[in-house]
Trainee: 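Structure in C-alpha coordinates, see below.
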Amino acid sequence: MPSVAQSPELGEPLDPLPREFAALMRPEIPGLIKEIGVEIERAYPVYAHLFRGPHSDAIRQGVEQALAAFVDRVDHPGTKSALRDELLRQFGRVEAYEGRDLDTLQGAYRLGARIALRRAKSIGRTYNLSPTLILAFADALFAYVDELEALSREGYLAVQSRAVCDVAALRRKLLHLVVAGPPLPRATIAELCQEASWQLPAECTLVALRPPATGVLQSRLDRDVLADLSLPHPHLLVPGALTAERRAMLDSALAGTPAVLGLTVPTAQAAHSLRWARRVLRLIDEGIVPDAAAVACEDHLTTLWLLSDPALTDQLARRELAPLDGLSGTRRERLVETLRVHVSTRAPAEQVGELLGVHAQTVRYRLRNLDNHFGDRLLDPDRRFALEAALRALHLHGRKHPD
(Lines give C-alpha, C1' and ligand atoms only; values in the text may rest on other atoms or scores of the structure.)
Protein backbone atom coordinates (compact mmCIF):
# COMPACT_ATOMS: atom_id res chain seq x y z
CA MET A 1 0.00 0.00 0.00
CA PRO A 2 1.56 3.35 -0.99
CA SER A 3 2.11 6.07 1.55
CA VAL A 4 -0.60 8.67 2.14
CA ALA A 5 0.05 12.39 1.90
CA GLN A 6 -1.71 15.05 3.96
CA SER A 7 -5.49 15.20 3.34
CA PRO A 8 -6.72 17.83 0.86
CA GLU A 9 -8.51 21.04 1.60
CA LEU A 10 -12.26 21.23 1.02
CA GLY A 11 -13.13 20.98 -2.67
CA GLU A 12 -9.84 19.46 -3.81
CA PRO A 13 -9.74 16.03 -5.49
CA LEU A 14 -9.40 12.99 -3.26
CA ASP A 15 -5.96 12.13 -4.68
CA PRO A 16 -4.21 11.72 -1.27
CA LEU A 17 -6.02 8.36 -0.94
CA PRO A 18 -4.19 5.54 -2.75
CA ARG A 19 -6.09 4.19 -5.74
CA GLU A 20 -5.77 0.64 -4.40
CA PHE A 21 -8.12 1.63 -1.58
CA ALA A 22 -10.96 1.95 -4.13
CA ALA A 23 -10.73 -1.78 -4.88
CA LEU A 24 -11.31 -2.53 -1.19
CA MET A 25 -14.21 -0.08 -0.91
CA ARG A 26 -16.20 -0.94 -4.03
CA PRO A 27 -17.48 -4.39 -2.91
CA GLU A 28 -18.80 -2.76 0.27
CA ILE A 29 -21.23 -0.45 -1.56
CA PRO A 30 -24.32 -2.77 -1.71
CA GLY A 31 -24.10 -3.60 1.98
CA LEU A 32 -23.52 0.04 2.87
CA ILE A 33 -26.62 1.14 0.96
CA LYS A 34 -28.77 -1.26 2.95
CA GLU A 35 -27.17 -0.40 6.29
CA ILE A 36 -27.41 3.34 5.70
CA GLY A 37 -31.09 3.04 4.76
CA VAL A 38 -31.91 1.09 7.93
CA GLU A 39 -29.98 3.45 10.21
CA ILE A 40 -31.37 6.63 8.65
CA GLU A 41 -34.94 5.35 8.87
CA ARG A 42 -34.34 4.51 12.53
CA ALA A 43 -32.79 7.88 13.32
CA TYR A 44 -35.13 9.95 11.10
CA PRO A 45 -38.61 8.28 10.98
CA VAL A 46 -39.84 11.20 8.86
CA TYR A 47 -38.11 9.56 5.89
CA ALA A 48 -39.89 6.19 6.28
CA HIS A 49 -42.68 7.02 3.83
CA LEU A 50 -40.12 8.15 1.22
CA PHE A 51 -38.09 4.94 1.53
CA ARG A 52 -41.23 2.86 0.95
CA GLY A 53 -43.01 5.12 -1.54
CA PRO A 54 -42.84 5.50 -5.32
CA HIS A 55 -39.58 7.48 -5.06
CA SER A 56 -37.76 4.67 -3.24
CA ASP A 57 -35.88 3.63 -6.40
CA ALA A 58 -34.70 7.19 -7.00
CA ILE A 59 -33.58 7.51 -3.36
CA ARG A 60 -31.65 4.25 -3.53
CA GLN A 61 -30.12 5.34 -6.83
CA GLY A 62 -29.08 8.64 -5.27
CA VAL A 63 -27.38 6.93 -2.32
CA GLU A 64 -25.72 4.44 -4.67
CA GLN A 65 -24.49 7.22 -6.96
CA ALA A 66 -23.12 9.20 -4.01
CA LEU A 67 -21.14 6.22 -2.72
CA ALA A 68 -20.00 5.03 -6.15
CA ALA A 69 -18.89 8.54 -7.18
CA PHE A 70 -16.72 8.79 -4.07
CA VAL A 71 -15.04 5.46 -4.86
CA ASP A 72 -14.68 6.43 -8.54
CA ARG A 73 -12.96 9.66 -7.51
CA VAL A 74 -10.51 7.76 -5.31
CA ASP A 75 -9.80 5.45 -8.25
CA HIS A 76 -9.64 8.27 -10.83
CA PRO A 77 -9.25 11.71 -9.17
CA GLY A 78 -11.30 14.45 -10.80
CA THR A 79 -14.11 12.13 -11.96
CA LYS A 80 -17.44 13.96 -12.31
CA SER A 81 -20.98 12.56 -12.10
CA ALA A 82 -23.83 14.56 -13.60
CA LEU A 83 -26.37 11.92 -12.55
CA ARG A 84 -25.19 12.06 -8.94
CA ASP A 85 -25.38 15.86 -8.95
CA GLU A 86 -28.96 15.88 -10.24
CA LEU A 87 -30.13 13.22 -7.80
CA LEU A 88 -28.59 15.10 -4.87
CA ARG A 89 -30.27 18.34 -6.01
CA GLN A 90 -33.54 16.40 -6.15
CA PHE A 91 -33.05 15.36 -2.51
CA GLY A 92 -32.93 19.06 -1.67
CA ARG A 93 -36.03 19.79 -3.74
CA VAL A 94 -37.93 17.06 -1.89
CA GLU A 95 -37.05 18.65 1.46
CA ALA A 96 -38.37 21.99 0.23
CA TYR A 97 -41.55 20.42 -1.19
CA GLU A 98 -42.26 18.68 2.13
CA GLY A 99 -41.66 21.82 4.17
CA ARG A 100 -38.57 20.69 6.11
CA ASP A 101 -35.40 22.66 6.66
CA LEU A 102 -32.10 21.21 5.51
CA ASP A 103 -30.92 20.22 8.99
CA THR A 104 -32.66 16.84 8.77
CA LEU A 105 -31.15 15.96 5.41
CA GLN A 106 -27.71 17.15 6.48
CA GLY A 107 -27.99 15.03 9.61
CA ALA A 108 -28.83 12.02 7.43
CA TYR A 109 -25.76 12.68 5.27
CA ARG A 110 -23.53 12.89 8.34
CA LEU A 111 -25.00 9.67 9.72
CA GLY A 112 -24.31 7.93 6.41
CA ALA A 113 -20.72 9.19 6.52
CA ARG A 114 -20.24 7.82 10.05
CA ILE A 115 -21.53 4.42 8.92
CA ALA A 116 -19.15 4.47 5.94
CA LEU A 117 -16.26 5.43 8.23
CA ARG A 118 -17.15 2.58 10.57
CA ARG A 119 -17.04 0.19 7.62
CA ALA A 120 -13.66 1.64 6.53
CA LYS A 121 -12.23 1.02 9.99
CA SER A 122 -13.41 -2.59 9.74
CA ILE A 123 -11.68 -2.91 6.36
CA GLY A 124 -8.58 -1.38 7.92
CA ARG A 125 -8.46 -4.03 10.61
CA THR A 126 -9.05 -6.80 8.07
CA TYR A 127 -6.25 -5.67 5.75
CA ASN A 128 -3.98 -4.23 8.45
CA LEU A 129 -4.14 -0.71 6.96
CA SER A 130 -2.31 2.13 8.64
CA PRO A 131 -4.19 4.53 10.98
CA THR A 132 -2.86 7.38 8.82
CA LEU A 133 -4.76 6.00 5.84
CA ILE A 134 -8.01 5.72 7.80
CA LEU A 135 -7.61 9.31 9.04
CA ALA A 136 -7.05 10.50 5.47
CA PHE A 137 -10.16 8.58 4.44
CA ALA A 138 -12.19 10.29 7.19
CA ASP A 139 -10.98 13.75 6.12
CA ALA A 140 -11.79 13.04 2.48
CA LEU A 141 -15.16 11.52 3.34
CA PHE A 142 -16.43 14.46 5.38
CA ALA A 143 -15.12 16.92 2.79
CA TYR A 144 -17.14 14.91 0.24
CA VAL A 145 -20.24 15.14 2.46
CA ASP A 146 -19.88 18.94 2.40
CA GLU A 147 -20.01 18.70 -1.39
CA LEU A 148 -23.18 16.56 -1.28
CA GLU A 149 -24.81 19.02 1.09
CA ALA A 150 -23.96 21.90 -1.24
CA LEU A 151 -25.64 20.11 -4.16
CA SER A 152 -28.80 19.44 -2.13
CA ARG A 153 -28.80 23.05 -0.99
CA GLU A 154 -28.88 24.13 -4.65
CA GLY A 155 -32.05 22.11 -5.24
CA TYR A 156 -33.58 23.32 -1.98
CA LEU A 157 -32.95 26.99 -2.69
CA ALA A 158 -34.18 26.63 -6.29
CA VAL A 159 -37.59 25.59 -4.97
CA GLN A 160 -37.66 28.25 -2.26
CA SER A 161 -36.71 30.97 -4.72
CA ARG A 162 -39.84 30.46 -6.73
CA ALA A 163 -42.48 33.06 -5.95
CA VAL A 164 -45.48 31.92 -3.96
CA CYS A 165 -47.67 32.93 -6.89
CA ASP A 166 -45.85 30.49 -9.17
CA VAL A 167 -48.76 28.13 -9.80
CA ALA A 168 -46.56 25.63 -11.64
CA ALA A 169 -44.29 25.32 -8.59
CA LEU A 170 -47.28 24.90 -6.30
CA ARG A 171 -48.67 22.17 -8.50
CA ARG A 172 -45.35 20.34 -8.58
CA LYS A 173 -45.36 20.45 -4.79
CA LEU A 174 -48.95 19.16 -4.79
CA LEU A 175 -47.97 16.31 -7.07
CA HIS A 176 -45.10 15.35 -4.81
CA LEU A 177 -47.28 15.31 -1.71
CA VAL A 178 -50.03 13.28 -3.36
CA VAL A 179 -47.70 10.54 -4.62
CA ALA A 180 -45.50 10.49 -1.51
CA GLY A 181 -47.89 7.96 -0.03
CA PRO A 182 -50.36 7.97 2.86
CA PRO A 183 -51.14 9.52 5.16
CA LEU A 184 -51.80 12.63 3.08
CA PRO A 185 -51.16 15.86 5.03
CA ARG A 186 -54.75 17.04 4.66
CA ALA A 187 -54.30 20.58 5.97
CA THR A 188 -51.28 21.21 3.74
CA ILE A 189 -53.00 19.65 0.72
CA ALA A 190 -56.16 21.72 1.21
CA GLU A 191 -54.18 24.95 1.49
CA LEU A 192 -52.08 24.18 -1.57
CA CYS A 193 -55.13 23.18 -3.60
CA GLN A 194 -56.69 26.55 -2.85
CA GLU A 195 -53.52 28.47 -3.72
CA ALA A 196 -52.98 26.47 -6.93
CA SER A 197 -56.67 26.57 -7.99
CA TRP A 198 -56.73 22.78 -8.16
CA GLN A 199 -59.44 20.50 -6.81
CA LEU A 200 -58.34 17.29 -5.09
CA PRO A 201 -60.11 14.48 -7.00
CA ALA A 202 -61.63 11.37 -5.44
CA GLU A 203 -59.69 9.21 -7.93
CA CYS A 204 -56.68 9.70 -10.12
CA THR A 205 -54.47 7.93 -12.66
CA LEU A 206 -50.69 8.20 -12.60
CA VAL A 207 -48.61 8.07 -15.78
CA ALA A 208 -44.94 7.10 -15.67
CA LEU A 209 -42.77 8.55 -18.44
CA ARG A 210 -39.48 7.27 -19.79
CA PRO A 211 -36.79 9.89 -19.12
CA PRO A 212 -35.87 12.29 -20.44
CA ALA A 213 -39.38 13.66 -21.02
CA THR A 214 -38.15 16.60 -23.07
CA GLY A 215 -40.55 15.86 -25.93
CA VAL A 216 -43.72 16.26 -23.84
CA LEU A 217 -45.82 19.28 -24.91
CA GLN A 218 -47.08 20.62 -21.59
CA SER A 219 -49.27 23.18 -23.30
CA ARG A 220 -51.42 20.29 -24.62
CA LEU A 221 -52.03 18.78 -21.18
CA ASP A 222 -55.43 19.47 -19.64
CA ARG A 223 -55.21 22.28 -17.09
CA ASP A 224 -56.00 19.96 -14.16
CA VAL A 225 -53.19 17.49 -14.98
CA LEU A 226 -50.28 17.71 -12.55
CA ALA A 227 -46.83 17.16 -14.05
CA ASP A 228 -43.18 17.21 -13.07
CA LEU A 229 -40.99 16.47 -16.07
CA SER A 230 -37.74 17.62 -14.47
CA LEU A 231 -37.41 14.58 -12.19
CA PRO A 232 -35.08 11.65 -12.95
CA HIS A 233 -38.30 9.60 -13.11
CA PRO A 234 -40.89 12.03 -14.59
CA HIS A 235 -44.61 11.42 -14.18
CA LEU A 236 -48.08 12.91 -14.53
CA LEU A 237 -51.24 12.80 -12.42
CA VAL A 238 -54.53 12.78 -14.32
CA PRO A 239 -57.60 13.40 -12.15
CA GLY A 240 -60.20 10.66 -12.55
CA ALA A 241 -60.18 7.78 -15.01
CA LEU A 242 -58.59 7.78 -18.45
CA THR A 243 -61.63 8.42 -20.61
CA ALA A 244 -61.38 8.47 -24.39
CA GLU A 245 -61.00 12.23 -24.23
CA ARG A 246 -58.20 11.98 -21.67
CA ARG A 247 -56.41 9.34 -23.76
CA ALA A 248 -56.59 11.57 -26.83
CA MET A 249 -55.22 14.47 -24.79
CA LEU A 250 -52.31 12.34 -23.55
CA ASP A 251 -51.52 11.04 -27.03
CA SER A 252 -51.28 14.61 -28.27
CA ALA A 253 -49.26 15.94 -25.31
CA LEU A 254 -46.84 13.04 -25.00
CA ALA A 255 -45.95 13.35 -28.68
CA GLY A 256 -44.42 9.88 -28.84
CA THR A 257 -42.70 9.94 -25.42
CA PRO A 258 -42.91 6.34 -24.11
CA ALA A 259 -45.29 6.10 -21.16
CA VAL A 260 -47.03 3.59 -18.93
CA LEU A 261 -50.58 4.38 -17.84
CA GLY A 262 -51.16 3.40 -14.22
CA LEU A 263 -54.38 2.13 -12.69
CA THR A 264 -57.14 4.50 -11.64
CA VAL A 265 -57.17 4.46 -7.83
CA PRO A 266 -58.47 6.54 -4.91
CA THR A 267 -56.20 9.57 -4.66
CA ALA A 268 -54.87 8.42 -1.29
CA GLN A 269 -53.45 5.38 -3.14
CA ALA A 270 -51.76 7.37 -5.92
CA ALA A 271 -48.35 6.05 -4.82
CA HIS A 272 -49.45 2.51 -5.74
CA SER A 273 -50.57 3.55 -9.22
CA LEU A 274 -47.21 5.21 -9.87
CA ARG A 275 -45.23 2.29 -8.40
CA TRP A 276 -47.03 -0.23 -10.63
CA ALA A 277 -46.59 1.98 -13.70
CA ARG A 278 -42.85 2.29 -13.07
CA ARG A 279 -42.59 -1.45 -12.54
CA VAL A 280 -44.19 -2.06 -15.97
CA LEU A 281 -41.72 0.44 -17.45
CA ARG A 282 -38.86 -1.68 -16.05
CA LEU A 283 -40.47 -4.86 -17.41
CA ILE A 284 -40.54 -3.22 -20.86
CA ASP A 285 -36.83 -2.47 -20.52
CA GLU A 286 -36.25 -6.12 -19.58
CA GLY A 287 -38.09 -7.28 -22.70
CA ILE A 288 -40.86 -8.99 -20.72
CA VAL A 289 -43.70 -6.59 -21.58
CA PRO A 290 -43.99 -5.56 -25.25
CA ASP A 291 -43.01 -1.97 -25.92
CA ALA A 292 -45.48 0.59 -27.27
CA ALA A 293 -45.98 4.35 -27.20
CA ALA A 294 -48.43 4.06 -24.28
CA VAL A 295 -48.72 0.80 -22.33
CA ALA A 296 -51.63 0.31 -19.92
CA CYS A 297 -50.93 -1.30 -16.53
CA GLU A 298 -54.34 -2.92 -16.52
CA ASP A 299 -53.29 -5.09 -19.47
CA HIS A 300 -50.44 -6.61 -17.45
CA LEU A 301 -51.80 -7.14 -13.94
CA THR A 302 -51.09 -10.88 -13.93
CA THR A 303 -47.52 -10.25 -15.07
CA LEU A 304 -47.06 -7.62 -12.35
CA TRP A 305 -48.35 -10.06 -9.75
CA LEU A 306 -46.31 -13.04 -10.91
CA LEU A 307 -43.08 -11.02 -11.08
CA SER A 308 -43.61 -8.91 -7.96
CA ASP A 309 -41.15 -11.08 -6.01
CA PRO A 310 -38.88 -13.03 -8.40
CA ALA A 311 -36.95 -14.73 -5.59
CA LEU A 312 -40.17 -16.05 -4.06
CA THR A 313 -41.42 -17.16 -7.48
CA ASP A 314 -38.20 -19.12 -7.98
CA GLN A 315 -38.72 -20.85 -4.65
CA LEU A 316 -42.26 -21.76 -5.70
CA ALA A 317 -40.99 -23.13 -9.02
CA ARG A 318 -38.31 -25.19 -7.28
CA ARG A 319 -40.92 -26.77 -5.03
CA GLU A 320 -43.49 -27.45 -7.72
CA LEU A 321 -41.04 -28.75 -10.33
CA ALA A 322 -39.01 -30.83 -7.87
CA PRO A 323 -40.35 -34.15 -9.32
CA LEU A 324 -38.36 -33.36 -12.51
CA ASP A 325 -35.07 -32.59 -10.77
CA GLY A 326 -33.48 -35.90 -11.70
CA LEU A 327 -33.94 -35.46 -15.46
CA SER A 328 -31.33 -34.25 -17.92
CA GLY A 329 -31.49 -30.63 -19.08
CA THR A 330 -33.01 -31.10 -22.54
CA ARG A 331 -35.54 -33.72 -21.50
CA ARG A 332 -36.55 -31.68 -18.48
CA GLU A 333 -37.05 -28.53 -20.56
CA ARG A 334 -39.30 -30.36 -23.03
CA LEU A 335 -41.45 -31.76 -20.23
CA VAL A 336 -41.64 -28.37 -18.48
CA GLU A 337 -42.78 -26.64 -21.68
CA THR A 338 -45.36 -29.38 -22.37
CA LEU A 339 -46.58 -29.12 -18.79
CA ARG A 340 -46.90 -25.33 -19.05
CA VAL A 341 -49.07 -25.49 -22.15
CA HIS A 342 -51.07 -28.42 -20.77
CA VAL A 343 -51.97 -26.83 -17.41
CA SER A 344 -52.63 -23.38 -18.87
CA THR A 345 -54.82 -24.44 -21.81
CA ARG A 346 -56.49 -27.66 -20.51
CA ALA A 347 -56.45 -28.53 -24.23
CA PRO A 348 -56.38 -32.04 -25.78
CA ALA A 349 -53.10 -33.52 -27.00
CA GLU A 350 -53.73 -32.50 -30.60
CA GLN A 351 -54.07 -28.81 -29.73
CA VAL A 352 -51.12 -28.89 -27.32
CA GLY A 353 -49.07 -30.48 -30.09
CA GLU A 354 -50.02 -27.67 -32.48
CA LEU A 355 -48.97 -25.05 -29.93
CA LEU A 356 -45.66 -26.80 -29.31
CA GLY A 357 -45.02 -27.75 -32.93
CA VAL A 358 -44.83 -31.49 -32.19
CA HIS A 359 -46.97 -34.54 -33.01
CA ALA A 360 -49.94 -35.32 -30.77
CA GLN A 361 -48.49 -38.75 -30.04
CA THR A 362 -45.34 -37.08 -28.70
CA VAL A 363 -47.52 -34.95 -26.43
CA ARG A 364 -49.33 -38.05 -25.12
CA TYR A 365 -46.00 -39.72 -24.39
CA ARG A 366 -44.79 -36.66 -22.50
CA LEU A 367 -48.06 -36.38 -20.56
CA ARG A 368 -47.74 -40.02 -19.45
CA ASN A 369 -44.21 -39.21 -18.33
CA LEU A 370 -45.48 -36.22 -16.38
CA ASP A 371 -48.19 -38.32 -14.73
CA ASN A 372 -45.50 -40.77 -13.61
CA HIS A 373 -43.43 -37.97 -12.07
CA PHE A 374 -46.20 -35.85 -10.53
CA GLY A 375 -48.79 -38.48 -9.64
CA ASP A 376 -51.87 -36.98 -8.00
CA ARG A 377 -50.38 -33.49 -7.83
CA LEU A 378 -51.85 -32.58 -11.22
CA LEU A 379 -55.32 -33.50 -9.94
CA ASP A 380 -55.13 -31.33 -6.82
CA PRO A 381 -56.60 -27.85 -7.63
CA ASP A 382 -54.31 -25.97 -5.20
CA ARG A 383 -51.12 -27.68 -6.39
CA ARG A 384 -52.19 -27.27 -10.02
CA PHE A 385 -52.76 -23.54 -9.48
CA ALA A 386 -49.36 -23.11 -7.80
CA LEU A 387 -47.70 -25.07 -10.60
CA GLU A 388 -49.36 -22.95 -13.28
CA ALA A 389 -48.33 -19.71 -11.55
CA ALA A 390 -44.72 -20.87 -11.29
CA LEU A 391 -44.62 -22.01 -14.92
CA ARG A 392 -46.14 -18.76 -16.18
CA ALA A 393 -43.59 -16.71 -14.22
CA LEU A 394 -40.68 -18.74 -15.62
CA HIS A 395 -42.10 -18.41 -19.13
CA LEU A 396 -42.37 -14.62 -18.77
CA HIS A 397 -38.68 -14.54 -17.90
CA GLY A 398 -37.87 -16.84 -20.81
CA ARG A 399 -36.58 -19.54 -18.48
CA LYS A 400 -37.30 -23.28 -18.26
CA HIS A 401 -36.16 -23.59 -14.64
CA PRO A 402 -35.57 -21.28 -11.64
CA ASP A 403 -32.15 -19.69 -11.27
Trainee: Should Arg278 and Val260 count as side-chain neighbours, where that means a heavy-atom distance under 4.5 Å?
Mentor: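 Not touching, per the 4.5 Å side-chain cut-off.
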Trainee: Of all the heavy-atom pairs spanning Leu274 and Ala208, show the shortest one and how long it is.
Mentor: CD1-CB, 4.3 Å
Trainee: Does this structure show an ion pair linking Arg332 with Asp325, if we count only N-O contacts that are shorter than 4.0 Å?
Mentor: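 Judged by the 4.0 Å cut-off on N to carboxylate O distance, Arg332 and Asp325 do form a salt bridge.
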Trainee: Using 0.5 Å steps for rounding, measure from the CG atom of Asp57 to the CZ atom of Arg60.
Mentor: 8.5 Å
Trainee: Taking side chain as C-beta onward, heavy atoms only, is Gln61 less than 4.5 Å from Leu83?
Mentor: yes
Trainee: Give a yes or no answer on whether the side chain of Thr205 reaches the backbone of Gly240 with a donor-acceptor pair at less than 3.5 Å.
Mentor: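 Indeed, once roles are kept as given, a pair shorter than 3.5 Å links the two residues.
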Trainee: Does a side-chain heavy-atom distance below 4.5 Å link Arg100 with Leu105?
Mentor: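 The answer is no, as the side chains (C-beta and beyond) never meet within the 4.5 Å cut-off.
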Trainee: Is His176 reaching over with its side chain to a backbone N or O of Arg172, donor-acceptor style, under 3.5 angstrom?
Mentor: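 No, the answer is negative, given that no donor and acceptor are paired below the 3.5 Å cut-off.
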Trainee: One thing to verify: whether Arg93 and Glu86 come together as a salt bridge, which I'm taking to mean a side-chain N less than 4.0 angstrom from a carboxylate O.
Mentor: yes
Trainee: Show, in sequence, the C-alpha distance, side-chain angles and deciding distance for Leu391 and Val336, and conclude whether the side-chain contact (heavy atoms from CB on, under 4.5 Å) test is met.
Mentor: CA-CA 8 Å; Leu391 289 167; Val336 167; 3.6 Å; yes
Trainee: Do Leu24 and Leu129 have side chains that get closer than 4.5 Å, going by heavy atoms?
Mentor: yes
Trainee: Please determine whether side-chain contact (heavy atoms from CB on, under 4.5 Å) holds for the pair Cys193 and Trp198, giving the CA-CA distance in whole Å, both sets of side-chain angles, and the decisive distance to 0.1 Å.
Mentor: CA-CA 5 Å; Cys193 284; Trp198 189 75; 3.8 Å; yes
Trainee: So, for Ser197 and Arg171, which heavy atoms are closest and what is the spacing to 0.1 Å?
Mentor: O-NH2, 3.2 Å
Trainee: Identify the heavy atoms of His233 and Ala58 that sit nearest to each other, and give their distance.
Mentor: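 Answer, listing the atom of His233 first, then Ala58: CD2-CB, 3.6 Å.
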Trainee: Are there more than 12 heavy atoms of other residues, nucleotides or ligands under 6.0 Å from atom CZ of Arg282?
Mentor: yes
Trainee: Tell me whether the rings of Phe70 and Phe137 are parallel (<30°), tilted (30 to 60°) or perpendicular (>60°).
Mentor: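 Phe70 and Phe137: perpendicular rings.
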Trainee: Ion pair present between Lys173 and Glu195, side-chain N to carboxylate O less than 4.0 angstrom?
Mentor: no
Trainee: Would Val178 and Ile189 count as a side-chain contact (heavy atoms from CB on, under 4.5 Å) here? Give the steps.
Mentor: CA-CA 8 Å; Val178 170; Ile189 289 283; 4.1 Å; yes
Trainee: Nearest 0.5 Å, what's the NE2-CH2 distance between His300 and Trp276?
Mentor: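 So the NE2 of His300 and the CH2 of Trp276 are separated by 15.5 Å.
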Trainee: Between CG of Leu87 and CG of Leu231, what distance do you get to the nearest 0.5 Å?
Mentor: 10.5 Å
Trainee: With distance as the sole test, does Ser273 use its side chain to make a donor-acceptor pair with the main-chain N or O of Thr264 at under 3.5 Å?
Mentor: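 Not a single qualifying donor-acceptor pair exists.
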Trainee: Main chain of Arg334, side chain of Thr338: is a donor-acceptor contact present, judged purely on distance under 3.5 Å?
Mentor: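 Answer holds: yes.
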Trainee: Please determine which of Leu206, Leu175, Leu209 meets the side chain to side chain contact (heavy atoms under 4.5 Å, CB included) test together with Leu236.
Mentor: Leu209
Trainee: Can you find a heavy atom in the side chain of Leu237 that is under 4.5 Å from one in the side chain of Leu174?
Mentor: no
Trainee: Crowded around Tyr127 OH? As in, over 12 foreign heavy atoms under 6.0 Å?
Mentor: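 Check fails, neighbour count at 12 or below.
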Trainee: Would you name the heavy atoms of Arg26 and Asp75 that are closest together and state the gap between them?
Mentor: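 Heavy-atom minimum between the residues: NH2-OD2, 3.7 Å.
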Trainee: Return the CG to CZ distance between Leu117 and Arg119, rounded to the nearest 0.5 Å.
Mentor: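 Going from CG on Leu117 over to CZ on Arg119, the span is 12.0 Å.
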Trainee: Could you tell me the separation between the CZ atom of Arg275 and the NE2 atom of His272, rounded to the nearest 0.5 Å?
Mentor: 6.0 Å
Trainee: Can you check whether Asp103's main-chain N or O pairs, donor with acceptor, with Asp101's side chain at less than 3.5 Å?
Mentor: yes
Trainee: Would you indicate whether Glu286, at its atom CD, is surrounded by more than 12 heavy atoms from other residues, nucleotides or ligands within a distance under 6.0 Å?
Mentor: yes
Trainee: Is the number of heavy atoms from other residues, nucleotides or ligands under 6.0 Å of Glu298 CD greater than 12?
Mentor: no
Trainee: May I ask you to say whether Arg366 pairs ionically with Glu337, meaning some side-chain N is under 4.0 Å from a carboxylate O?
Mentor: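 Salt bridge flag = no for Glu337 with Arg366.
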Trainee: Hey, are Arg114 and Glu39 close enough for a salt bridge, meaning a charged N less than 4.0 Å from a carboxylate O?
Mentor: no
Trainee: With rounding to the nearest 0.5 angstrom, report the CG to OH distance, Leu177 to Tyr97.
Mentor: 10.0 Å
Trainee: So which atom in Gly124 and which in Ile134 form the shortest heavy-atom distance, rounded to 0.1 Å?
Mentor: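 The pair with the smallest heavy-atom distance is CA-CD1, 4.3 Å.
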Trainee: Check whether any side-chain heavy atom of Val71 sits under 4.5 Å from a side-chain heavy atom of Glu28, and report yes or no.
Mentor: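 No, side chains not in contact.
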Trainee: Do Leu250 and Leu261 come close enough that some side-chain heavy atom pair is under 4.5 Å?
Mentor: yes
Trainee: What heavy-atom pair brings Phe91 and Ser152 nearest, and what distance separates the two atoms?
Mentor: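 Result for this residue pair: CB-OG, 4.0 Å.
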Trainee: Would you call Asp146-Arg110 a salt bridge at under 4.0 Å N-O?
Mentor: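 Looking at Asp146 and Arg110, the cut-off is met.
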Trainee: Go through the steps to decide whether Val225 and Met249 satisfy the test side-chain contact (heavy atoms from CB on, under 4.5 Å), and finish with yes or no.
Mentor: CA-CA 10 Å; Val225 172; Met249 174 272 298; 3.9 Å; yes
Trainee: Donor-acceptor pair, distance only, cut-off 3.5 Å: does the side chain of Arg220 make one with the backbone of Asp251?
Mentor: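 No.
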Trainee: For the pair Arg279 (side chain) and Leu304 (backbone), establish whether a donor and an acceptor sit closer than 3.5 Å, ignoring hydrogens and angles.
Mentor: no
Trainee: Tell me whether Asp285 is salt-bridged to Arg210, with the criterion being a basic N under 4.0 Å from an acidic carboxylate O.
Mentor: yes
Trainee: Would a 4.5 Å heavy-atom cut-off, applied to side chains only, mark Tyr44 and Leu111 as touching?
Mentor: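 In contact.
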